[in-house]
Amino acid sequence: MTNTTDDPANVDRFDVEAVNSKTKRVMYEARKKIFPKRVSGTFRSLKWWVMAVTLGIYYMTPWLRWDRGEYAPDQAVLVDLANSRFYFFFIEIWPQEFYYVAGLLIMAGVGLFLVTSTVGRAWCGYTCPQTVWVDLFLVVERFIEGDRNARIKLDKAPWSVDKWRKRLAKHAIWIVIAMATGGAWIFYFADAPTLARNFLAFDAPWVAYSTVGILTATTYTFAGFMREQVCTYMCPWPRIQAAMLDEDSLVVTYNDWRGEPRSRHRKRLEAEGKAVGDCVDCNACVAVCPMGIDIRDGQQLECITCALCIDACDGVMEKVGKPRGLISYATLSDYAKNQAGQDTPTTWRSFLRPRTFIYAAFWAAIGIAMLLALLMRDRLDVNVLHDRNPVFVQLSDGSIRNGYTVKILNMLARPREFRLEVEGLDDARLIMVGQDSDAAAVLDVAVGADTLKAVKVFIAVKPGALAGKRTKFDLVVREKDGGETTSYRATFEGPGES
Ligand code: SF4
Ligand code: SF4
C-alpha cells in the first residue's frame, strides 16, 4: 500500500521503501553551489600576499641550488630517497637523525596550537593548501566566467557555444595548474632539472608519473569541485580547533548588538523613529564568503576566518556612512563587553595570556634544543663488531689475536682520512685484513664523502697485557690533521687464567 501524502509520518509503516525515500528527502540536502564574489580590502590584500608567497615557495623551492661541493647534490631542498638523506640548505639529515624531523613536526603542531589559540583559524583562512588552491582556481574562474552574478547566470544558462568555450577554457587551465602542482611535488624527491628532462622524455620512473597523476586528480577535484566540502566534511581540524579556542581567541564576529535589527529600509525606519541597527541586510558578507555561510547567524564550524566578510561589510559601512567593524575580529569576551557598551580595544589580550606564553615557550624550547643539537652533532660515527668464530686466536709467538669489523660513518660531504688506534691495551698491534702491510700501532683508513666504510681489523696483544678473560678497551677513530674524534668501547677476549 502506498501513501499519497508527503508527510513521512503518514507513510504506511509496512512500506519501508516509501519511508526510506521520504526520510532521505528530509535528511539529505544537495550541495548548493557557491559563487564567491570578488572583494577588496585589507584582508583580501593580505590573502593575495600570502597566496603569492606560499605558491612561490612551493613551486620555486625545488629549483633553488645550494653548493655542497662535488660529492653531494646541489639542490637546496631535497628528500633524497635513493640515498636515505634529507637536505635543507646547509643541513643534511641522515636516517638515524630522524628525530630532527620529528622535532620539526612537533614544532609545527605546537605552532598551530599557538596560532589557533590567538587568532583562531588563521591557518585555515590564509595558508592551508586547500584555501590557497581554491583561491587560485577562483581567480581563473572569475577571469574566464566573470564575477558572481555572471557565473550564476552562466551556470543556469543552457549549453551554448559560449558556455562550452568558457567551461573548456576554465577546466583546461585548472588541469594545467593541477599538473604543475603535482609536478612540483616530485621535484622535491630528485634533482629537479634532471627529473624534468627525463619526465618530458618519458624516461622517468613510473612512480613519478603515478604521483603526478594522483596529485593532479586530487588538486583538480578538491580545488575545482569539492572546495568548501573538503574543509567542512573531510578535514578534522575544524573539530580539533574548537577545543583550542576560548573566550580570548580572536574570531570573525558579527556584532549583532550593533547590527540588529537589520533592515534594507534603514533610512525610512529611522525617519519613522523606529529602532534600527547598522546592518542594511545587503548580503554582501554572504556573497563573498567562500564557505557560503552567513556570519550573522553566529559562530559556525564552516567559518575558516578568512575575514573576507569583514572587507565586504567595511566597504558597505563606508558607503552608508557608518563606522567600520560591524563584522570584525574580536574575542568572545570583548564581544560581551562591547555589547554591554564598554569600549574594549584589547586585541593584545588575545596574545598576552598564560596559555599563549606556555605554547610559545614550549615551541621556542624545542626550537632552541634542536638548534643546539644541530650545531653540536657529530658528523663521524664508529661501530665495532667482534668476530664470534673464533673468539680469539693464539699466534705462534704467544700473542692473542681478536678480529673485528669496524664500521666508520663519515657524514660529511667530502672524503676524510682517519687514524684508527687502540687505547687501554698495552702494545696492541693492528692489522687491516686484505692489506699487505705489517702490524702497526695505528692504521690509516680513508672514507669517502657521505659514506659508511666497513674494514676488517685484527688486534694482537701479548698475553701479559690482558687483565683477564675479557679486557675492555677503546677503539679510537681520529680524523687526520685534527678535526673530529670518536671512539667505541670494545672487548678483547683472551684465554684467561689456565
Ligand atoms: S563567514 Fe567570513 S570569515 Fe567566515 S568563512 Fe565566510 S567570509 Fe570567511
Ligand atoms: S555586509 Fe554588513 S551590512 Fe551587509 S548584510 Fe552583511 S553585515 Fe549586514
Side-chain angles (χ1 to χ4, degrees), residues 32-48 50-51 115-116 118-128 130-135 138 142 147-148 223 226-233 235 237-238 241-242 245 249-267 269-270 275-332 335 338-339 350:
K32 290 192 186 97
K33 279 191 191 170
I34 298 170
F35 301 89
K37 185 174 164 60
R38 185 181 165 85
V39 64
S40 55
T42 311
F43 296 105
R44 181 61 266 185
S45 301
L46 178 61
K47 271 171 74 71
W48 286 136
V50 172
M51 182 178 148
V115 168
T116 305
T118 50
V119 287
R121 290 175 66 186
W123 160 260
C124 303
Y126 295 85
T127 44
C128 170
Q130 175 66 12
T131 297
V132 171
W133 262 272
V134 167
D135 248 7
L138 274 171
R142 279 197 202 103
D147 207 355
R148 176 181 163 85
M226 295 183 68
R227 295 190 174 176
E228 80 289 345
Q229 296 181 96
V230 174
C231 313
T232 307
Y233 302 117
C235 180
W237 188 236
Q241 59 94 37
L245 295 175
S249 304
L250 280 176
V251 286
V252 174
T253 309
Y254 168 63
N255 295 304
D256 58 358
W257 49 270
R258 185 186 139 187
E260 301 297 324
R262 69 187 79 164
S263 175
R264 291 175 182 225
H265 311 288
R266 189 169 56 87
K267 282 193 177 151
L269 293 174
E270 273 176 348
V276 62
D278 284 353
C279 175
V280 294
D281 205 14
C282 61
N283 253 19
C285 51
V286 182
V288 300
C289 179
M291 304 302 289
I293 58 171
D294 187 343
I295 192 66
R296 294 172 299 171
D297 294 340
Q299 297 300 319
Q300 289 152 76
L301 179 127
E302 292 89 344
C303 178
I304 56 172
T305 64
C306 65
L308 296 183
C309 52
I310 297 181
D311 280 341
C313 190
D314 280 348
V316 174
M317 289 297 107
E318 272 173 19
K319 277 186 198 146
V320 299
K322 291 280 178 183
R324 295 156 67 103
L326 176 53
I327 303 175
S328 63
Y329 268 115
T331 65
L332 284 179
Y335 170 83
N338 282 325
Q339 192 171 21
S350 163

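Read the numbers this way: they start at 1 and go in the same order the structure lists the ligands and their atoms. Positions are given from 1, in the same order as the sequence printed here.
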Can you list the atoms of ligand 2 that are under 4.0 Å from a heavy atom of Cys285? 1 (S), 5 (S), 6 (Fe), 7 (S)

Is it the side chain, the backbone, both or neither of Met317 that has a heavy atom closer than 4.0 Å to ligand 2? side chain

Closest protein heavy atom to atom 6 (Fe) of ligand 1, given as residue, atom name and distance to 0.1 Å: Cys289 SG, 2.3 Å

Is it possible for you to check whether Arg44 lies under 6.0 Å from the centre of the six-membered ring of Trp48, through NZ or CZ, and within 45° of that ring's axis? yes

Exactly one candidate in Leu245, Thr253, Val252 meets side-chain contact (heavy atoms from CB on, under 4.5 Å) with Gln299; the answer is Thr253

List the steps and the verdict of side-chain contact (heavy atoms from CB on, under 4.5 Å) for Val230 and Arg227. CA-CA 6 Å; Val230 174; Arg227 295 190 174 176; over 6 Å; no

In terms of residue, atom name and distance, what is the protein heavy atom nearest to atom 4 (Fe) of ligand 1? Cys303 SG, 2.4 Å

Given Cys231, Cys306, Ala307, Cys313, identify the one with the heavy atom nearest to atom 8 (Fe) of ligand 1. Cys306

Contact between Arg262 and ligand 2, counting heavy atoms under 4.0 Å? no

Look at Cys309 and state whether any of its N, O or S atoms is less than 2.8 Å from atom 4 (Fe) of ligand 1. no

Can you tell me which portion of Ile293 lies within the under-4.0 Å heavy-atom range of ligand 1? Options are side chain, backbone, both, or neither. side chain

Could you tell me whether Arg38 and Asp147 have a side-chain N and a carboxylate O separated by less than 4.0 Å? no

Have Glu260 and Tyr254 got a donor and an acceptor in their side chains that come within less than 3.5 Å? yes

Give the intermediate values and the outcome of salt bridge (Lys or Arg N to Asp or Glu O under 4.0 Å) for residues Arg262 and Asp256. CA-CA 9 Å; Arg262 69 187 79 164; Asp256 58 358; over 6 Å; no

Quick one: which ligand 2 atoms are inside 4.0 Å of a heavy atom on Arg296? 5 (S), 7 (S)

What do we get for Val286 next to ligand 2 when only non-hydrogen atoms under 4.0 Å count, side chain, backbone, both or neither? neither

Which atoms of ligand 2 have any heavy atom of Cys279 under 4.0 Å away? 3 (S), 5 (S), 7 (S), 8 (Fe)

Numbering as shown, the atoms of ligand 1 that approach Ile295 to under 4.0 Å (heavy-atom distance): 1 (S)

Does only the side chain of Asp278 get under 4.0 Å from ligand 2, or the backbone, or both, or neither? Count heavy atoms. neither

How far does CD1 of Ile327 sit from CG of Asp311, to the nearest 0.5 angstrom? 10.0 Å

Taking it one step at a time, do Arg148 and Val288 satisfy side-chain contact (heavy atoms from CB on, under 4.5 Å)? CA-CA 9 Å; Arg148 176 181 163 85; Val288 300; over 6 Å; no

Considering only protein heavy atoms, which is closest to atom 3 (S) of ligand 2, and at what distance to one decimal place? Val280 N, 3.5 Å

So the atoms of ligand 2 within less than 4.0 Å of a heavy atom of Cys282 turn out to be 1 (S), 3 (S), 4 (Fe), 5 (S)

State the CZ-OG distance between Arg121 and Ser249, to the nearest 0.5 angstrom. 13.0 Å

Please could you name the atoms of ligand 1 that Met291 approaches to less than 4.0 Å, counting only its heavy atoms? 5 (S)

Whether Ile304 lies under 4.0 Å from ligand 1, heavy atom: yes

side-chain contact (heavy atoms from CB on, under 4.5 Å) between Thr305 and Tyr329, worked out: CA-CA 9 Å; Thr305 64; Tyr329 268 115; 4.2 Å; yes

As an exercise, state the distance from OH of Tyr126 to SG of Cys306, rounded to the nearest 0.5 Å. 7.0 Å

